[in-house]
Protein chains: 2
Amino acid sequence: MDKAPPETTNTDGRRASHGSVTLADVAALARVAPITVSRALNNPDSVSETLRSRIRTAVDQLGYVPNRMAGALASAKTKVIPVIVPSLSNVVFIEVIEGVQETLTAHGYQLLLGTTDYNLEREAELVSALLGWAPPGVMIAGLRHLPRTNTILKNAGLPVVEMMEYGARCIDMNVGLSHFRAGMEMAEHLLARGYRKIGFVGTRLRDDYRARQRYDGMHRRLLESKTASDMLFDYPGGGSQQLGWNALGDVLKTNPELDALFFANDEMAVGAILRAQRDGIAIPGRIAIAGFNGLPVSSLVTPALTTIISPRKLMGHTAAEMLLARISGGSPAARRVNVGLELAAREST
Amino acid sequence: MDKAPPETTNTDGRRASHGSVTLADVAALARVAPITVSRALNNPDSVSETLRSRIRTAVDQLGYVPNRMAGALASAKTKVIPVIVPSLSNVVFIEVIEGVQETLTAHGYQLLLGTTDYNLEREAELVSALLGWAPPGVMIAGLRHLPRTNTILKNAGLPVVEMMEYGARCIDMNVGLSHFRAGMEMAEHLLARGYRKIGFVGTRLRDDYRARQRYDGMHRRLLESKTASDMLFDYPGGGSQQLGWNALGDVLKTNPELDALFFANDEMAVGAILRAQRDGIAIPGRIAIAGFNGLPVSSLVTPALTTIISPRKLMGHTAAEMLLARISGGSPAARRVNVGLELAAREST
DNA sequence: ATGAATTTTGATAGCGCTACCATTTTTCTT
DNA sequence: AAGAAAAATGGTAGCGCTATCAAAATTCAT
């Protein structure tokens, strides 16, 4: 905080980055070689106490901030990890990111965020662009990508974790849960409670193929039962509470024969419950409602929402830990982890 | 996708970053000078059509991904912008980030995410660390930082936008709203509806000083009125629906004389409403409830929640636009923007 | 005390890219 | 057609840091 130069450009007119205080300046002030300063900062134990403290003083005095670019370029190592998710509007991704962030931060890594808006083309571009940062690993949502994306990631030869869904084939590592199975379990539950005409309400199902997998799971189980049938409702727009609110009205009007609705997520399901409350529609009397995710709100609404709880933060933690394990040369406990799911049977069904 | 080398290390045993295909390789294949490839990629118009297509072919054939570190080091420019927020558990920050992300992405910038967990010490470290990426600008939540943080940011001499709150003194640019005013307006509203004993329910108010400012605003207005009084409740933990749910019970038991509760955010307020619904507590008959933020759910609960709507995504967009304007040399329309707020008087009061 | 093993420090040479200026080629002017 | 202006291309020299190996200083063993 003493004599940081106000100008961003050097006096000689040549390029300069930010504070313009370089490692060499520190070295000069501390009367040591630049490489020693580098060591003192990155590997303190390899420098004697004397020099270390002299260097620390110089660093503080000059307000030196290491240029990560230069360091990364020289060592071909960074501590920035791209995390690629479809969207930030969905709480689910947020919580996974949170888990990832917590673990990464604890190990001194930074998170470089990319969103694809469920567009695989954009995902491919993003992966390419982010690889330009020479990251030590990549975290990405989903198992389905363009062939191009798979190729790029495989060729990059770095640790990759695919998150959110669990499946047989992954690029490198995989942490998630089976959405197909989630759908089956919910179908099982609804059948057990006597529902026979079940609607699945989702949004943008062509893009959100994980929600679609839940539908497929449900559909399969209902087919097996031979006594029940389903109906698929696909709305445009994000899976918000407002959408669930609207959907309940629509569906009841156009398909009064339905006796249960399985929503693609808790947000929508909660919206539907709030609508039912407002309009005096009996749940589960008139129609049963189920969701997916196990958001905290699901247990607070009346009636409490039947849902499938997914361990989102755990997923983030696990994924980050696996990645870090691989980065530091070791191998993770397992290359594929199914974090599982838990059906919470509550009042709404 | 042709001949990407499987190894990460060079044959000569020296360091290599990722794909190891460099600009020089592309140049060799296209039979031009490296600098021409650089130009073809960064400033296509300055290269003839002939060479440009020859270079593009070479790039595709080799699967070349530019090394951003090297580029950034050489040009002292990056397209990565640090965004520093207290937490990801709060929807409010997410929506601002979303807005920021949309605008930044549209201009080819990347978002480097940092969270402080409401810890100013950590914030200072984060700022320092992120400046090491020589970013062209910085976005940070809040106007209150450690003196050290202010110094670092000012000395860095780059565009800085402070978001979320609007105030007189900012490091460089500021986009937000006045939380003090929000508190006053809510007090005004509650007074107008005849409430006189008002509780403010928040969490971690020492850290979340913006919530505290809302309380201060309310307190001031109530003092002026001379007829009303307030009471402050400060809970530990995050401001979740569950916490609002619990708080309603606590507060009614220990302070039955209260006739209104102003929650620090909509999440808590909605939790309280859901609890009231479940327990048959009349709102606003027994007690009025108000929130802050204007989350979509606030208008879906019964009774609909009175709240103050803050334009969060707009804040993110505006902030990002101002920053980009400054980065590209221009100056933003204004250095300080008050995005304003809107009180939605609904059924819960 | 003396040579060997160990620790600490330094000199050198890039990492992959772009700024800067010089050179060549093309287009324009009269 | 000859020279001037403009456009396209290239050579050189770093950006700030760290890997590698070499040298110096220290500690250890006998």
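Lettering of chains follows the sequences in order, A, B, ..., and the numbering in each one begins at 1.
For the pair A:S48 and C:dT9, the criterion of a side-chain N or O lying under 4.0 Å from OP1 or OP2 is met. Phosphate contact (OP1/OP2 of D:dA8, side-chain N/O of B:S46, threshold under 4.0 Å): absent. For C:dT8, neither phosphate oxygen OP1 nor OP2 lies less than 4.0 angstrom from any side-chain nitrogen or oxygen of A:T36. A close approach under 4.0 Å does not occur between any side-chain nitrogen or oxygen of A:T22 and OP1 or OP2 of D:dG16. Here A:N67 does not reach the OP1 or OP2 of D:dC15: none of its side-chain N or O atoms lies under 4.0 Å away.
Rounded to an integer number of Å, the gap from B:L23 CG to C:dG16 P is 11 Å. The interatomic distance linking B:I55 (CD1) with D:dG10 (C1') rounds to 12 Å, in whole Å. For the pair B:N42 CG and C:dG16 P, the interatomic distance rounds to 17 Å; values are reported in whole Å. The separation between B:L73 atom CG and D:dC17 atom P is 9 Å, rounded to whole Å. Taking atom CG on A:D45 and atom P on C:dT6, their separation rounds to 19 Å, with Å as the unit. Atom-to-atom, CE of B:M69 to P of C:dC17 comes out at 12 Å; the value is rounded to the nearest Å. Rounding to whole angstrom units, CG of residue A:D25 and P of D:dG16 are separated by 9 Å. Between B:I35 atom CD1 and C:dC17 atom C1' the separation is 8 Å, expressed in whole Å.
For A:R68 against D:dG16, no side-chain N or O and base N or O form a donor-acceptor pair under 3.5 Å.
Nearest nucleotide to the B:S75 side chain, out of C:dA19, D:dG16, C:dA11: C:dA19.
B:A70 comes within contact range of at least one nucleobase, with a heavy-atom separation under 4.0 Å.
In this structure, a donor-acceptor pair under 3.5 Å is absent between the side chains of A:Y118 and A:E123.
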